[in-house]
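Down below is the structure, laid out as structure tokens.
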2 protein chains.
Amino acid sequence: MDIRQLRYFIAIAEEGQITAAAKRLQMAQPPLSQQLKQMEDELGVALVERIGKRIELTEAGATLYKQALNITHQLEEALTEVKETGDGIRGMLSIGVSALSAYRLPEQIRQYQQHYPLIRYQVWKGDTQLLSDWLEKRTIEVAIVRLPHSLGNCVTIPLEEEPFVLIVPAGSPLSMNNEIAMRDVAQHPLIMPSTPGLGIYEMLTKEFTRLGVSPHVICECPDISLTVSLVAAGVATALIPHSAWETHKNENIHCLMVTGTSVSSSAAIVWHAERHLSKAARHFIEMFAPKTGAPDS
Amino acid sequence: MDIRQLRYFIAIAEEGQITAAAKRLQMAQPPLSQQLKQMEDELGVALVERIGKRIELTEAGATLYKQALNITHQLEEALTEVKETGDGIRGMLSIGVSALSAYRLPEQIRQYQQHYPLIRYQVWKGDTQLLSDWLEKRTIEVAIVRLPHSLGNCVTIPLEEEPFVLIVPAGSPLSMNNEIAMRDVAQHPLIMPSTPGLGIYEMLTKEFTRLGVSPHVICECPDISLTVSLVAAGVATALIPHSAWETHKNENIHCLMVTGTSVSSSAAIVWHAERHLSKAARHFIEMFAPKTGAPDS
DNA sequence: TACATCCATATGAAAAAAGTATGAAAGACA
DNA sequence: TGTCTTTCATACTTTTTTCATATGGATGTA
């Protein structure tokens with residue numbers, strides 16, 4: 001019993017007549033009679049009652065008709081679902097973000113949602129090492145990280161660059177100013193939005209070294225919102241990407257532009273170089289890193 | 001896309017390998033590869049990812065796998081349901097009963113249920129004319145009526161015969177006796193469990209005429225339990241089939257055997273002579289009129 | 001590097017499905 | 001009642017689909 005036969009039977013049931021059903025199916029009548037008989041033989045059950053010229057469903061036939069409708073509908077829906085999944089307009093998109101990039105994600109997903117409303121998401125947050133593991137294990141398909149990263153065997157597409165800003169507690173003397181030189185940042189207690197070994201930490205440290213100063217790091221905190229809270233509480237100052245300031249700003253902290261340095265932060269979308277990327281992931285990359293064009297697999 | 005291909009895909013998905021899937025399906029590997037490719041072409045979607053020797057499902061493939069499991073299971077269940085319906089162990093059995101036979105039905109259905117637990121019922125109650133209409137319109141498949149009936153074009157299988165009894169109010173003088181002659185029944189106010197034109201009414205009337213007496217009919221009531229209530233209330237006496245007495249007896253009425261007459265009541269199962277009888281209906285007939293054997297269509 | 005394993009392609013054989021021709025039975029209508 | 005039409009079933013042929021065998025390329029392994 002296959003789908004084709006179910007469709008045949010639906011036509012027969014609805015037309016109430018083999019000849020008409022054959023016409024509707026655009027086929028000759030004899031093969032349809034044959035198929036009907038074959039179905040009855042296979043099931044060992046009479047599906048129709050031959051009353052002279054007319055034909056009428058038996059109870060078993062009526063049961064089969066209902067079920068056949070169900071099944072063919074379900075199959076159709078299944079196929080469109082598969083097609084949509086293949087086309088990337090339906091399915092699961094699993095994304096990993098580093099702590100410093102996490103704040104961007106909600107807006108990105110909201111935007112993506114408007115174009116692809118059927119997509120569902122898995123969002124993971126973790127440090128570079130975890131992201132790398134997750135990419136490897138396919139827990140996530142793409143990751144959004146801060147550059148520089150240390151992920152091996154990955155395609156990296158940088159998003160726009162942005163400067164670092166220094167955030168300080170609202171009441172502190174520094175909050176009178178609107179900018180500060182990078183080398184002067186070293187004079188103030190500093191929270192690093194990262195930990196040793198990670199890209200940002202190393203990059204900032206290197207920059208201070210280049211300027212011949214040594215920062216007064218009193219805290220390392222790889223969670224951006226916690227970092228901001230610490231600053232708001234007056235614990236210290238912190239260097240964070242400008243956009244992170246935009247999303248976390250409040251009346252308890254003040255922001256200073258940092259001058260006299262070229263270090264900047266740049267987020268990037270990365271994914272495993274030798275892996276199949278789902279259409280959904282490609283769409284995501286296209287939307288947020290459109291200049292590069294979407295990779296072709 | 002047909003069921004066969006879904007089964008193929010299930011095997012491929014579960015084995016994770018075309019060769020192994022082919023072995024499990026007891027077929028050669030090349031045609032399976034072909035079918036897989038054909039499915040991908042039809043859907044316009046990659047279902048598996050060829051990673052060197054290995055094969056892995058894409059998201060679309062995983063979606064198809066889940067749906068394929070659903071659909072094949074549903075098909076299997078549908079087919080067994082159709083078979084069972086055809087075999088008469090599942091489905092709808094619609095039965096009509098006359099008022100005088102209704103009291104038997106619950107026990108009959110209870111009994112039938114024990115053999116065919118998947119059968120569901122539609123039970124209708126009405127007079128001969130209604131039953132005839134319902135048989136004609138296929139509202140009901142079989143009817144249980146009192147003989148004689150006036151149903152045209154029907155097969156009739158009588159159930160066992162049973163005598164009429166006279167029921168009288170518990171306190172009445174008649175309740176001292178245990179039997180009464182038919183001709184003496186005419187001396188007492190009588191409720192006929194039927195109305196003119198119906199079989200039972202005519203049969204009883206004819207019998208009184210034959211005996212040269214005229215019954216004192218003060219009420220006609222084609223509802224047996226209402227008839228019994230009327231007697232219990234002391235309105236009159238009533239002639240009813242013995243089994244009706246058995247099911248309705250209570251302390252307010254007394255029962256007398258009727259002698260000096262050969263009239264008896266007999267229920268019968270009837271059905272449309274030229275109609276297809278469902279297996280379920282045949283089973284029902286076999287169970288309650290086994291002597292005749294089941295008719296063959 | 002040789003070997004085994006797995007998938008893909010090509011080609012021919014077998015099976016299944018569809019088409020054509022035709023007959024029998026049932027309803028319609030003069 | 002007897003044609004005439006309609007409808008389903010059967011016999012036979014053609015076409016399509018599916019499967020199997022042979023074989024080559026790619027990948028991972030001893």
Side-chain angles (χ1 to χ4, degrees), chain A residues 1-43 45-58 61 64-65 68 72 136 153 272-276 297, chain B residues 1-43 45-58 61 64-65 68 72 136 153 272-276 297:
Chain A
M1 181 77 56
D2 63 3
I3 295 289
R4 185 178 43 89
Q5 287 176 306
L6 293 184
R7 291 194 213 286
Y8 288 178
F9 189 73
I10 289 173
I12 292 173
E14 291 180 352
E15 297 290 337
Q17 189 170 288
I18 295 182
T19 303
K23 188 170 291 178
R24 169 163 137 190
L25 293 167
Q26 308 199 72
M27 65 189 290
Q29 166 264 319
L32 193 54
S33 290
Q34 281 177 10
Q35 290 294 333
L36 177 59
K37 192 184 173 195
Q38 196 171 310
M39 293 171 79
E40 289 183 315
D41 289 348
E42 180 184 338
L43 291 169
V45 158
L47 296 173
V48 300
E49 205 178 327
R50 279 86 170 167
I51 310 175
K53 294 168 74 163
R54 220 167 66 266
I55 224 173
E56 203 160 305
L57 295 189
T58 62
L64 181 60
Y65 171 64
T72 52
E136 194 62 39
N153 205 16
H272 201 290
E274 291 156 356
R275 286 279 172 74
H276 167 85
S297 169
Chain B
M1 182 75 56
D2 64 2
I3 295 291
R4 185 178 45 88
Q5 287 176 306
L6 293 184
R7 290 194 212 287
Y8 287 178
F9 189 74
I10 289 173
I12 291 174
E14 291 181 351
E15 297 291 336
Q17 189 172 289
I18 296 182
T19 304
K23 190 171 289 179
R24 169 164 136 189
L25 292 166
Q26 307 198 69
M27 65 189 290
Q29 165 263 318
L32 194 54
S33 291
Q34 280 179 12
Q35 291 294 333
L36 177 59
K37 191 183 174 195
Q38 197 172 310
M39 293 171 79
E40 290 184 315
D41 290 347
E42 181 183 338
L43 291 170
V45 159
L47 297 172
V48 299
E49 207 180 326
R50 280 89 170 165
I51 311 174
K53 294 169 72 163
R54 220 168 66 267
I55 225 173
E56 203 161 305
L57 294 189
T58 62
L64 181 61
Y65 171 64
T72 52
E136 194 63 39
N153 205 18
H272 202 289
E274 291 155 358
R275 288 278 171 74
H276 167 84
S297 166

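Owing to the predicted nature of the structure, the values given are computational and were not obtained by experimental measurement. Each chain gets a letter, A, B and so on, in the order its sequence line appears, and its residues count up from 1.
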To check you understand the geometry: which heavy-atom pair defines the closest contact between A/A46 and A/T58, and what is its length? O-OG1, 2.8 Å
Tell me the closest heavy-atom pair linking A/A22 and A/A28, and the distance in Å. CB-O, 3.7 Å
Between [N] atom [atom2] and [X] atom [atom1], what is the distance in whole Å?
{"X": "A/R4", "N": "D/dT18", "atom1": "CZ", "atom2": "C1'", "result": "12 Å"}
{"X": "A/D2", "N": "D/dT17", "atom1": "CG", "atom2": "P", "result": "14 Å"}
{"X": "A/M1", "N": "C/dA17", "atom1": "CE", "atom2": "P", "result": "12 Å"}
{"X": "B/Q35", "N": "C/dA16", "atom1": "CD", "atom2": "P", "result": "14 Å"}
{"X": "A/I3", "N": "C/dA16", "atom1": "CD1", "atom2": "P", "result": "19 Å"}
{"X": "A/E56", "N": "D/dC8", "atom1": "CD", "atom2": "C1'", "result": "16 Å"}
{"X": "A/M27", "N": "D/dT15", "atom1": "CE", "atom2": "C1'", "result": "13 Å"}
{"X": "A/Y8", "N": "C/dA16", "atom1": "OH", "atom2": "C1'", "result": "11 Å"}

Look at the side chain of [X] and the backbone N and O of [Y], then say whether any donor-acceptor pair between them is shorter than 3.5 Å.
{"X": "A/E42", "Y": "A/M1", "result": "yes"}
{"X": "A/E40", "Y": "A/L47", "result": "yes"}
{"X": "A/Q5", "Y": "A/D2", "result": "yes"}

Taking for each residue the nucleotide of DNA chain C bearing the nearest heavy atom, is the 5' side occupied by A/I51 or by A/Q26? A/Q26
Within the 4.0 Å limit for protein heavy atoms, which parts of nucleotides 4-11 of chain C are touched? Write it as a string from 5' to 3', B for base, S for sugar-phosphate only, - for none. -BSBBBBB
Is B/E14 paired with B/R24 through a side-chain N to carboxylate O contact shorter than 4.0 Å? yes
Do the side-chain N or O atoms of B/Q38 get closer than 4.0 angstrom to the phosphate oxygens (OP1, OP2) of D/dT18? yes
